[in-house]
Every structure is written in structure tokens, then in C-alpha cells.
Amino acid sequence: MPLRLYNTLSNTLEDFIPIHSDEVKMYTCGPTVYHYVHIGNFRTFIFQDILRRYLVYKGYRITHAMNITDVEDKIISNARAQGLSISDYTRKYEDAFFEDMNALRIQRPEIMPRATEHIDEMLDLVSSLQEKGHTYEREGSTYFRISSFDQYGRLSGVQVDEESTFGQVDEDEYSKENPRDFVLWKGHRDEEESWDSPFGEGRPGWHLECSAMSMKYLGETFDIHCGGVDLVFPHHENEIAQSEGATGKPFVNYWVHGAHLIVEGQKMSKSLGNFYTLRDLLDKGYNPLALRLLLSSVHYRKQLNFTFDGVSQAQSAIQRGNDFLLRMGEVTEDGPASAVVERIVEKASAGFEAAMDDDLNTSAALASVFELVREINTLFDSQNLNSGDRDSVLGFFKKANTVFDVFNLEKEALEDQEILELIEERNKARGNKDFKRSDEIRDMLQKKGIVLEDGKEGTRWKRRI
RNA sequence: GGCGGCGUACCCAAGUGGCUAAGGGAGAGGUCUGCAAAACCUUUAUGCAGCGGUUCGAAUCCGCUCGCCGCCUCCA
């Protein structure tokens with residue numbers, strides 16, 4: 001079955017058919033590195049990660065590019081205020097971004113270009129646009145004239161006539177022919193860092209980098225472009241205008257946008273005091289994978305209300321999956337998989353793929369995983385499982401986890417000597433009815449995050465996530 | 001002013017015309033245990049914001065009402 005994706009360009013669900021049958025080229029708008037990336041940004045990056053991983057799951061080779069915006073108004077003013085160069089200022093946040101991505105198990109895109117390293121490509125693009133009559137110059141800056149591109153507004157549905165403009169227009173935009181015209185190259189001001197160019201000394205407009213870098217690495221027409229909904233207008237609309245204006249070819253076939261995150265029912269903002277970075281959650285003791293699951297488990301086109309209770313709930317759900325994997329590790333009897341187990345695995349697998357194929361219905365996909373957990377647990381309790389069953393179940397789990405990547409499939413140091421010795425000592429104490437000593441050991445391990453489970457088959461231990 | 005989304009159990013959340021309304025969390029009961037905890041199982045919506053309509057049949061389609069949120073301006 002083909003993957004179906006909601007394409008903002010057509011406002012409908014479409015079968016996903018890449019330009020090359022076995023290969024997907026995709027571009028996602030990356031972070032502006034002027035601050036630590038917040039959990040709302042990560043909601044978008046995680047949805048993109050799920051998409052990319054599911055494409056790989058479907059067997060596609062993937063080339064994924066994500067830009068790093070390291071030149072932009074806030075960066076320039078913050079860097080100046082701290083007396084740093086742009087690169088010294090941004091590098092810290094860029095490094096932090098990569099750390100956070102690792103913690104959240106967001107796969108690193110194949111190509112992560114920095115805007116400041118692609119000024120030449122951006123200038124080439126402006127030159128092409130100039131040759132084709134899409135630009136004009138005012139007060140040292142070069143603008144894109146949207147009236148020269150008749151498809152303008154096709155993605156967002158925004159009307160180009162001036163009367164439909166609502167709200168205020170920036171003062172320094174008064175000189176534009178149309179308030180919706182956007183800057184390609186900003187003329188030099190004050191002591192800002194700047195670059196020489198055929199359009200005068202200056203720096204690139206924000207929209208320019210994504211067009212220049214995506215086409216450089218993915219071609220003039222490529223498969224998927226993602227971002228948060230807020231980018232539909234004007235950013236992505238402008239990207240289309242710049243790219244198609246310059247090449248005369250379709251820029252992107254599928255535009256896929258993720259809904260925003262709100263916090264405790266309100267828009268996340270610093271003034272409301274509900275603005276969180278991953279670091280804030282780690283400081284409060286939450287596991288990054290719990291955030292990953294929470295952010296993955298709501299459909300990407302539905303607004304997600306972040307709460308701390310939600311993170312805890314996700315953490316418990318991961319624990320349930322990990323506990324299940326521990327139990328599967330205890331299956332010892334050799335033998336071929338039974339028909340019952342095979343049926344359960346097939347059902348789960350079909351359910352998982354049908355859900356993901358349906359515009360990445362992650363909630364339903366996870367339901368398939370947990371339904372299997374319950375059914376196999378029941379069989380496990382009746383002692384009916386052998387190694388074939390286990391391998392079949394784990395095979396499914398492993399595959400599903402290539403997409404979600406929240407469960408612990410590593411056989412972690414179960415032979416951890418110190419812990420095993422303590423458990424043995426405790427069981428001896430229990431045998432001698434020395435419950436004071438046995439409880440002491442139990443409490444001590446508990447404090448280290450290790451939970452003991454006394455059951456029929458003896459004592460099992462696990463680490464809490 | 002324009003455009004759009006959402007409202008399903010105590011919480012999160014699938015389901016968008018027809019079998020018993022997924023799944024997770026929490027609570028309750030049970031199994032296990034020295035006691036616990038943990039784990040596992042069972043269980044919890046005659047009901048899908050409200051009111052009307054279409055239909056043999058609606059959470060699902062249509063209309064109105066109420067409530068929440070977003071975009072149109074830098075923004076994931």
C-alpha cells in the first residue's frame with residue numbers, strides 16, 4: 001500500500017509517489033540558532049523524524065536536508081550585544097541543538113547546511129531572479145515583486161491585493177511597492193556583519209536560504225518539503241516564488257506541515273512563563289524519550305496540548321513496553337513459532353502499517369503495538385511461548401521501533417555483577433526471614449532507580465526509565 | 001475583517017456513515033509476594049459539547065448555538 005500524505009498544496013490526502021521510484025529527497029526547515037530550541041520546535045522536528053524513518057521503513061533511500069539558520073536579525077543583534085561574531089554566538093546553540101537531537105533520538109539528516117556558508121548560492125539565485133524581472137531595488141535593498149509571479153498565494157491561499165492585508169506594516173517596509181513584497185538582499189546598516197555582492201554590501205533575506213540550499217542539495221524539483229504550519233505563509237509561499245521564479249520548474253511536489261504545540265492550553269510564550277526547552281524538562285527529571293513519545297503520539301496535523309502530566313503518562317507507557325521486552329527475554333524453551341503468535345504478529349504488523357500509511361496515524365500505530373503487548377502477555381502467563389514465538393514478536397517490535405525509537409531493545413548489562421550479588425544476598429536474608437536486611441537492600445537499590453520484582457520464578461530486576 | 005482547526009471516559013487520544021466506540025495513563029478488583037512494590041490479567045463512555053435536520057442507520061454528513069485554539073506580523 002502506498003503512503004498517503006496530506007499535501008498543503010492541494011489541501012487533500014494524496015498517494016505519495018516520489019520522482020524516483022526508490023528514492024526520496026526531502027527538505028525540512030531547521031532551527032534558527034539564536035537560543036536553545038524549545039519543545040514546540042521539537043514537536044515539528046520529531047514529526048519530520050517520524051516521517052523520514054517511516055519512509056526508510058517503506059524501503060526508500062532518503063536524502064534529507066535541514067538548514068541551520070545562522071544569520072538573521074535576532075542573531076545579529078544578540079551577537080552584537082554580547083560582542084561576539086555571528087559564528088561565535090551561534091555555535092553554542094548549534095552544538096546544543098545537536099545534543100538535544102541526540103537525546104530525543106532525532107536522526108541526523110544527511111545534509112545540514114549553514115546559511116552563512118551558502119551566500120554565493122543565494123546571490124546566484126537573486127541574479128537569476130533579477131534577469132527574469134522578478135526583483136527591484138529600494139534604498140540599497142533588493143526585493144521580490146510578488147506581482148511578477150502569478151502563482152503567488154497558491155500554497156497558502158493568501159490574496160495578494162493590498163486591501164486584504166490586515167494588521168500593521170513595518171515602518172521600514174513602507175518603501176516597498178506592495179507590502180507583501182519581501183526582501184531578498186538587505187542593504188548594509190550600521191556595523192552589522194555583511195557580505196559584498198553585485199547588489200551591494202548586505203546580507204541575505206531569511207526566505208532566500210531555504211530555496212538556495214534545498215535546490216543545491218536536492219535538485220530544482222524535489223519530493224517533500226516540511227515545516228511548521230506557521231511557515232506556510234509567508235516563508236514557504238516565498239520559497240516557491242523565489243525557486244519557481246528562477247527555474248521555471250515546479251519546486252516541491254508534497255508540502256507537509258505540522259501543527260503547533262500549546263502548553264497547558266495556551267500558546268507557549270516567554271511572557272506567559274510556559275516556555276520550555278528540552279533542558280528544562282531534563283532538569284525537572286523527565287526522560288527525553290518520554291517527551292519523544294508524547295510528541296510522536298498525537299497526529300502531526302492536530303494541535304497538541306503539552307502538559308507535565310502528559311510527559312509522565314508517556315513515560316509510563318514506555319515502561320510498559322520495556323517491561324514487556326524484559327519478559328520476552330525470559331523465554332527459554334526452543335521451538336518454532338505457534339500459529340496463534342504468528343497471527344497476532346501479522347495482525348499487529350498490518351495494523352501498524354495501515355495506520356502509518358494513512359498520513360502517519362501514529363496513535364493508531366502505537367495502539368497496534370500495545371494491543372500485541374497485551375495479547376502476548378496473556379500467552380506468556382499461560383507459559384505457551386518458545387523461542388520462535390519470541391523472535392517473531394521481537395521482530396515486529398524491532399521494526400516498529402525503527403520508527404518510534406522509544407523502547408529499549410538493548411539487552412543492557414543484565415549480568416551487572418554488583419546488582420546480582422545484592423539480589424542473592426537479599427534472597428538469602430528472605431530465606432532466613434531476615435526481612436530487615438532484605439528490605440534494606442531493596443530500598444537501597446530502589447534509590448538507584450532499580451526495581452525488584454519478586455515472582456514465582458524468582459527475583460527479576462529492572463531500571464526505571 | 002479574512003482564512004482554518006478542535007470539542008470522544010477522571011486525564012491523553014484513535015475512530016469521519018453500519019460489527020461489542022482502538023490504545024496509553026490513572027482508579028478499582030484479581031494473580032503473585034514474608035509484607036510491600038513492581039509486573040501481569042480483568043474492569044471503567046447505551047455514550048461521542050448542546051439543539052435540530054438528512055438517512056433504514058450518524059461520534060462520523062448538513063444547519064444553528066456554546067466553548068477552546070491557531071494563522072493572516074518574526075515564529076516550529
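All values reported here derive from a predicted model rather than from experimental measurement.
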Exercise. Searching all strands shown, indicate the nucleotide that pairs with B:rU54 (Watson-Crick or G-U wobble; both distances under 3.5 Å).
Key: none
Self-check item: side-chain N/O A:Arg320 vs B:rG24 OP1/OP2, d < 4.0 Å
Solution: yes
Quiz item: Taking atom P of B:rC35 as reference, at what distance in whole Å does atom CD of A:Glu440 sit?
Solution: 20 Å
Self-check item: Rounded distance in Å between the C1' positions of B:rA13 and B:rA21
Solution: 13 Å
Quiz item: Taking only side-chain nitrogens and oxygens of A:Arg374, does any of them come within less than 4.0 Å of OP1 or OP2 of B:rG23?
Solution: yes
Quiz prompt | Atom pair distance, as rounded to whole Å: CG in A:Asp454 and P in B:rA38 | solution = 13 Å
Exercise. To the nearest Å, give me how far apart CD (A:Gln266) and P (B:rG70) are.
Key: 8 Å
Exercise. Ignoring backbone atoms, test whether A:Arg430 places a side-chain nitrogen or oxygen under 4.0 Å from the OP1 or OP2 oxygen of B:rC35.
Key: no
Quiz item: Nearest-Å distance, NZ (A:Lys347) to C1' (B:rG23)?
Solution: 12 Å
Pairs under 3.5 Å (N/O, protein and nucleotides 6-8 of chain B):
none

Exercise. Mind calculating the distance between CG (A:Leu366) and P (B:rG25) to the nearest angstrom?
Key: 12 Å
Quiz prompt | Presence of salt bridge, A:Asp100 and A:Arg279, under 4.0 angstrom | solution = yes
Quiz item: Distance between the C1' atoms of B:rA45 and B:rC62, in whole angstroms?
Solution: 26 Å
